[in-house]
Peer 1: 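I am attaching a structure below and will ask some questions about it afterwards.
The sequence lines fix the lettering, A, B, ..., with proteins before strands; numbering per chain opens at 1. Remember, it's a predicted structure, so these values are computed and weren't measured experimentally.
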Protein chains: 2
Amino acid sequence: MPKNSEFIDKLRSSGLRPTKQRLKICEVLFKRDKTFHFTISDLAKNISEQLNQKISLATVYNTVHAFKNKGHLKEISINSSQSYFDTNITHHHHFLDEDTNELIDCDNDVIEKINVKNNLTGKKIKSVEVLIKVASDNQNQK
Amino acid sequence: MPKNSEFIDKLRSSGLRPTKQRLKICEVLFKRDKTFHFTISDLAKNISEQLNQKISLATVYNTVHAFKNKGHLKEISINSSQSYFDTNITHHHHFLDEDTNELIDCDNDVIEKINVKNNLTGKKIKSVEVLIKVASDNQNQK
DNA sequence: CAACAGTTTAGAATAGTTATAATGTAGTTT
DNA sequence: AAACTACATTATAACTATTCTAAACTGTTG
């Protein structure tokens with residue numbers, strides 16, 4: 001479980017000033033032993049409930065984007081109007097439960113390594129992401 | 001190249017009334033020989049320019065969602081605030097060019113069939129989608 | 001501690017999408 | 001073919017997630 005000084009290092013070493021707000025957000029995001037998924041509004045809610053503290057919504061957005069750009073968070077795009085973020089920045093894939101809109105990490109053994117055989121785009125591959133959508137069998141079509 | 005009567009059948013057989021507006025949208029979406037990707041605003045623009053006609057934006061949204069729910073269109077989620085739709089409803093994957101935000105179909109030979117070895121969710125797999133993000137090599141981190 | 005660049009903030013602005021409620025229309029019944 | 005009914009369309013308002021703005025504040029450097 002990282003200490004506060006580790007968060008300061010983490011921020012400094014990625015060129016971000018360790019402000020009070022960013023350190024609070026680090027506590028909420030990186031102080032647990034398990035990684036997890038969240039939306040911006042989840043996070044804002046957690047900050048005010050868990051820490052009993054108020055951080056401007058704009059700052060929450062700024063910080064999450066800064067963390068994402070520095071590689072401390074990953075953004076996962078699902079078919080939804082909201083973005084999900086993931087504190088697990090290792091390479092992995094996801095299940096999306098369409099009944100609950102919940103995102104679930106795939107363990108490494110769920111899918112074999114994906115080999116892109118022909119990249120005809122002439123550009124460099126930045127990432128290869130798999131999303132497995134699941135739902136109850138009796139689920140009606142939307 | 002499908003004729004108008006085929007669109008009427010297509011709509012009727014999926015339980016949608018063949019209205020003037022829906023037939024116009026069918027023309028724009030399904031009358032070409034190639035499949036393509038579009039956003040709602042692309043489509044609205046095409047309708048007014050290509051057909052020199054006005055369809056209410058609400059109707060464009062309703063129709064695209066109806067077509068999607070009936071399986072005539074697929075929705076592709078990329079990391080963006082906008083949704084892309086695809087007239088290619090066969091199973092396939094995508095490249096996303098991060099320089100241009102353009103979506104490019106993967107041919108079947110780009111990726112081997114993906115085998116989900118462990119589905120621990122206890123639910124039925126509805127889809128397995130791969131998104132390969134590409135960019136110029138010299139691209140700066142955002 | 002002065003100076004400055006980076007950060008935070010509340011609130012306004014924006015963009016994409018959905019809801020509303022009145023009007024119109026396709027298909028069915030008589 | 002008139003009447004009926006359920007489904008569609010429409011303009012516009014409302015909503016939601018996100019970004020912008022510009023003023024106030026703060027961490028860092030010299």
Peer 1: Just how far, in rounded Å, is P of D/dA8 from CD1 of B/I8?
Peer 2: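 It is 15 Å, rounded to the nearest whole Å.
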Peer 1: Once side-chain hydrogen bond (donor to acceptor under 3.5 Å, both in side chains) is applied, do any residues pair with A/D109, and if so which ones, sequence neighbours excluded?
Peer 2: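 Result, side-chain hydrogen bond (donor to acceptor under 3.5 Å, both in side chains) vs A/D109: B/N118.
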Peer 1: Show every donor-acceptor pair shorter than 3.5 Å between a side-chain atom in residues 11-20 of chain B and any protein atom, with sequence neighbours excluded, or say none if there are none.
Peer 2:
unit_1, atom_1, unit_2, atom_2, d
B/S13, OG, B/D9, O, 2.9
B/S13, OG, B/K10, O, 3.1
B/S14, OG, B/K10, O, 2.9
B/S14, OG, B/L11, O, 3.1
B/S14, OG, B/H72, NE2, 3.1
B/T19, OG1, B/R22, N, 3.2

Peer 1: What bend angle does the helix from C/dC1-D/dG30 to C/dT30-D/dA1 show across its length, from five-pair end axes and to the nearest 10 degrees?
Peer 2: 30°
Peer 1: Relative to the 5' end of DNA chain C, which residue comes earlier, A/T59 or B/S83, by the nucleotide with the nearest heavy atom?
Peer 2: A/T59
Peer 1: Do any N or O atoms from the side chain of B/T100 and from the backbone of B/E102 form a donor-acceptor pair under 3.5 angstrom?
Peer 2: yes
Peer 1: At a heavy-atom distance below 4.0 Å, what parts of residues 35-51 of chain A sit against DNA chain C?
Peer 2: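 Going residue by residue through residues 35-51 of chain A, none turns out to have a heavy atom under 4.0 Å of DNA chain C.
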Peer 1: Taking side-chain hydrogen bond (donor to acceptor under 3.5 Å, both in side chains) as the test, write out the residues that go with B/N119, two or more places apart.
Peer 2: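 So B/N119 forms a side-chain hydrogen bond (donor to acceptor under 3.5 Å, both in side chains) with B/T121.
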Peer 1: By side chain to side chain contact (heavy atoms under 4.5 Å, CB included), which residues pair with A/Q82, not counting sequence neighbours?
Peer 2: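 Counting only residues at least two positions away or on another chain, A/Q82 forms a side chain to side chain contact (heavy atoms under 4.5 Å, CB included) with A/T39, A/S41, A/S80.
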Peer 1: Between A/V130 and A/I76, is there a shared hydrophobic cluster once you connect ILVMFWY residues whose side-chain heavy atoms come closer than 4.5 Å?
Peer 2: no
Peer 1: Looking at side-chain heavy atoms only, is the closest gap between A/V28 and A/F38 below 4.5 Å?
Peer 2: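 Heavy-atom side-chain distance check fails, nothing below 4.5 Å.
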Peer 1: If a pair satisfies salt bridge (Lys or Arg N to Asp or Glu O under 4.0 Å) and one of its residues is in residues 34-55 of chain B, list it, with sequence neighbours excluded.
Peer 2: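 Pairs touching residues 34-55 of chain B that pass the test: none.
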Peer 1: Summarise protein proximity over nucleotides 22-30 of chain D in one line of letters, 5' to 3': B for base, S for sugar-phosphate only, - for none, counting protein heavy atoms closer than 4.0 Å.
Peer 2: ----BBS--
Peer 1: What do you reckon, is NZ of A/K124 surrounded by more than 12 foreign heavy atoms closer than 6.0 Å?
Peer 2: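 Open.
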Peer 1: Tell me, do B/K126 and A/E98 make a side-chain contact under 4.5 Å, heavy atoms counted?
Peer 2: yes
Peer 1: Whole angstrom is fine here: how far is it from CD in B/Q53 over to P in D/dT9?
Peer 2: 13 Å
Peer 1: To the nearest angstrom, how far is A/Q82 atom CD from D/dT19 atom P?
Peer 2: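 Interatomic distance, CD of A/Q82 to P of D/dT19: 12 Å.
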Peer 1: At the 4.0 Å heavy-atom cut-off to chain A, mark where contacts on DNA chain C begin and end, going 5' to 3'.
Peer 2: C/dA5 to C/dA10
Peer 1: 5'-most contact on DNA chain C: B/H65 or A/V60, nearest heavy atom basis?
Peer 2: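 Nearest-nucleotide comparison on DNA chain C picks A/V60.
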Peer 1: Check whether any side-chain N or O of A/Y61 sits under 4.0 Å from OP1 or OP2 of D/dT19, and answer yes or no.
Peer 2: no
Peer 1: Counting only pairs under 3.5 Å, give me each side-chain donor-acceptor contact of residues 83-92 of chain B, with atom names and distances, residues two or more places apart or in other chains.
Peer 2:
unit_1, atom_1, unit_2, atom_2, d
B/S83, OG, B/E75, OE2, 2.4
B/Y84, OH, B/N101, O, 2.9
B/D86, OD1, B/N88, N, 2.8
B/D86, OD2, B/H37, NE2, 3.2
B/D86, OD2, B/H92, NE2, 2.9
B/D86, OD2, B/H94, NE2, 3.0
B/T87, OG1, B/F36, N, 2.9
B/T87, OG1, B/F36, O, 3.4
B/N88, OD1, B/T90, N, 3.1
B/N88, OD1, B/T90, OG1, 2.6
B/N88, ND2, B/D105, OD2, 3.2
B/H91, NE2, B/V128, O, 3.4
B/H92, ND1, B/T90, O, 2.6
B/H92, NE2, B/H94, NE2, 3.1
B/H92, NE2, B/D105, OD1, 3.2

Peer 1: Suppose we screen for side chain to side chain contact (heavy atoms under 4.5 Å, CB included). Which residues come up paired with A/N52, at least two apart in sequence or across chains?
Peer 2: none
Peer 1: Listed by chain and number, what are the salt bridge (charged side-chain N to carboxylate O under 4.0 Å, His left out) partners of A/K123, not counting sequence neighbours?
Peer 2: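 Salt bridge (charged side-chain N to carboxylate O under 4.0 Å, His left out) check on A/K123 returns B/D97, B/D99.
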Peer 1: Give the rounded distance in Å between these two atoms: CG of B/L57 and P of D/dA8.
Peer 2: 18 Å
